[in-house]
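As the structure is a prediction and not an experimental result, all values here were calculated from the model. A note on names: the letters A, B, ... follow the listed sequences, proteins ahead of strands, and every chain is numbered from 1.
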Number of protein chains: 2
Amino acid sequence: MTLGHKKGTTMPDTDRCPDCSRINEVLSRVGDRWSVLVVISLSRYGVQRFNALKKNLGISQRMLSLTLKQLERDGLISRTYHPTIPPKVEYALTPLGEEFRAPVTALGHWALDNLRAIDAARDVYDAALEEARE
Amino acid sequence: MTLGHKKGTTMPDTDRCPDCSRINEVLSRVGDRWSVLVVISLSRYGVQRFNALKKNLGISQRMLSLTLKQLERDGLISRTYHPTIPPKVEYALTPLGEEFRAPVTALGHWALDNLRAIDAARDVYDAALEEARE
DNA sequence: CGGTATCCTTACGGATACTG
DNA sequence: CAGTATCCGTAAGGATACCG
């Protein structure tokens, strides 16, 4: 697949983007906000325990639990249980998760770099709307 | 910010990742599945009309309309209205949208490349669960 | 500590019908 | 063609309480 834009390429609008549905499928699994943030956090700080992630991300216990389970099921993170008292569970990126780091951190960087630009664009847009209303 | 993982870095678990909330904020705007797919489609095929995008992505009219409006508001895409009969509206990436292309296509590529790996991981996980159930 | 279970509210998102 | 408006079912996600 070539995601890059080619000047001469015209969309055959009789057909639908064959890859979009597949990309959609994957994104619907590991592309949600919490999954992305968990991976970013594990990328940044390495192995982390349940409550560390929880505090770190400001995520509810319920959502973290669900997100971690899905990520483990999808093979992106590993869960290591230490049967001590009190118990200790550590989460880390698997090799597949490590591969996910590059695109996900790229996304994170872009988000941080362009937060202001987006806010500015919003202000302009909203102001123009306000203008038109009168 | 350094999203890259550094071996010695320990998460100060008294504090929460300051950037995570900001990344979260951005992702909650332009990180949803439809937004990502619209950007991917515009990246790939360039300028497109409303119905082309609709057929292309297999998205409902309502969601496309909402998604496009938000992306325009956030400054990622431009909307050009041609008052012909019938009317013609063209959507394209803005410079800010163009910058979004790199991380988003990286994500798209990864998604396509690892769809199978994820499916395989799932099968293993589910099989192990089945095993444990007995 | 690291979860599950339950409840409840909001947001997502499709289907359909209508408009300039 | 390119939307908007309405309805309605489902899923996301927080709050709380409880368990091993």
Side-chain angles (χ1 to χ4, degrees), chain A residues 11 13-14 16 20-21 24-25 27-38 41-42 47-74 77-92 125 129 132-133, chain B residues 11 13-14 16 20-21 24-25 27-38 41-42 47-74 77-92 125 129 132-133:
Chain A
M11 179 63 200
D13 59 15
T14 50
R16 20 152 66 222
C20 286
S21 61
N24 192 1
E25 223 183 298
L27 291 184
S28 68
R29 304 181 191 187
V30 296
D32 65 283
R33 245 181 359 285
W34 291 131
S35 295
V36 168
L37 287 173
V38 165
S41 188
L42 290 178
V47 177
Q48 274 174 91
R49 301 177 62 175
F50 187 89
N51 277 322
L53 280 167
K54 185 168 174 300
K55 277 194 289 190
N56 188 359
L57 299 178
I59 184 179
S60 71
Q61 196 170 22
R62 182 183 126 88
M63 286 315 295
L64 179 57
S65 178
L66 289 174
T67 302
L68 289 172
K69 216 185 300 180
Q70 283 192 79
L71 286 174
E72 191 196 353
R73 183 173 180 233
D74 287 336
I77 66 173
S78 63
R79 194 191 104 113
T80 313
Y81 176 72
H82 302 279
T84 54
I85 296 181
K88 176 176 173 183
V89 181
E90 293 183 317
Y91 292 93
Y125 185 93
L129 256 191
R133 193 166 315 216
Chain B
M11 180 63 199
D13 59 15
T14 52
R16 18 146 74 218
C20 286
S21 63
N24 191 3
E25 225 183 298
L27 291 183
S28 68
R29 305 180 190 190
V30 298
D32 65 282
R33 240 172 13 274
W34 290 131
S35 295
V36 169
L37 287 173
V38 165
S41 188
L42 289 178
V47 178
Q48 276 173 90
R49 301 176 62 175
F50 186 89
N51 277 321
L53 281 168
K54 184 168 173 301
K55 275 194 288 188
N56 189 359
L57 299 178
I59 185 180
S60 72
Q61 196 169 23
R62 180 184 130 87
M63 287 314 295
L64 180 57
S65 178
L66 291 173
T67 302
L68 289 172
K69 218 185 297 178
Q70 284 193 77
L71 286 174
E72 192 196 354
R73 184 172 179 232
D74 288 333
I77 66 172
S78 65
R79 193 191 103 114
T80 313
Y81 176 74
H82 303 277
T84 54
I85 297 181
K88 174 176 173 180
V89 181
E90 292 182 318
Y91 292 93
Y125 185 93
L129 256 190
R133 193 166 313 215

(request) Let me have a per-nucleotide readout for nucleotides 12-20 of chain D, 5' to 3', with B, S or -, counting only protein heavy atoms under 4.0 Å. (result) -BBB-B--B
(request) For the residue pair B:Asn24 and A:Leu37, establish whether any side-chain heavy-atom pair is separated by less than 4.5 Å. (result) yes
(request) For D:dA2, take OP1 and OP2 only and decide whether either is under 4.0 Å from a side-chain N or O of B:Arg79. (result) no
(message) With a 4.5 Å cut-off on side-chain heavy atoms, are A:Val36 and A:Arg33 touching?
(response) no
(request) State, with a plain yes or no, whether a side-chain heavy atom of A:Lys54 is found less than 4.5 Å away from one of A:Asn51. (result) yes
(request) Would you kindly give the OH-to-P distance between B:Tyr81 and D:dA2, to the nearest whole Å? (result) 10 Å
(request) In whole angstrom, give the distance that lies between atom CG of B:Leu68 and atom P of D:dA2. (result) 11 Å
(request) Round to the nearest Å and state the distance from A:Glu90 atom CD to C:dC1 atom P. (result) 14 Å
(request) Calculate the interatomic distance between B:Lys54 atom NZ and D:dG3 atom P; express it in whole Å. (result) 12 Å
(message) Less than 4.0 angstrom between a side-chain N/O of A:Lys69 and OP1 or OP2 of C:dT4, yes or no?
(response) yes
(message) Distance check needed: D:dA2 P versus B:Ile77 CD1, whole Å only.
(response) 13 Å
(message) Checking side-chain polar atoms at under 3.5 Å, does A:Ser35 have a donor or acceptor matched by the opposite partner on A:Gln70?
(response) no
(request) Take the protein atom CZ of B:Arg49 and the nucleotide atom C1' of D:dG3, then report the distance between them rounded to whole Å. (result) 13 Å
(request) Quick one: which residue pairs count as a salt bridge (Lys or Arg N to Asp or Glu O under 4.0 Å) with a foot in residues 56-73 of chain A, not counting sequence neighbours? (result) A:Arg73-B:Asp126
(message) Nearest to the side chain of B:Tyr91, heavy atoms from C-beta on, is which of C:dG2, D:dG3, C:dG3?
(response) D:dG3
(message) Using OP1 and OP2 only, check whether a side-chain N or O of A:Ser65 sits under 4.0 Å from C:dT4.
(response) yes
(request) Can you tell me the distance, in whole Å, between the CG atom of A:Asn24 and the C1' atom of C:dC12? (result) 14 Å
(request) Looking only at side-chain atoms of A:Phe50, point me to the closest of C:dC1, D:dG3, C:dG2. (result) C:dG2
(message) Quick check: do B:Phe50 and B:Leu68 have side-chain heavy atoms less than 4.5 Å from each other?
(response) yes
(request) Not counting sequence neighbours, which residues clear side chain to side chain donor-acceptor pair (under 3.5 Å) with A:Glu90? List them please. (result) A:His82
(message) If I take atom CG in residue B:Leu64 and atom C1' in nucleotide D:dG3, what distance separates them, rounded to the nearest angstrom?
(response) 10 Å
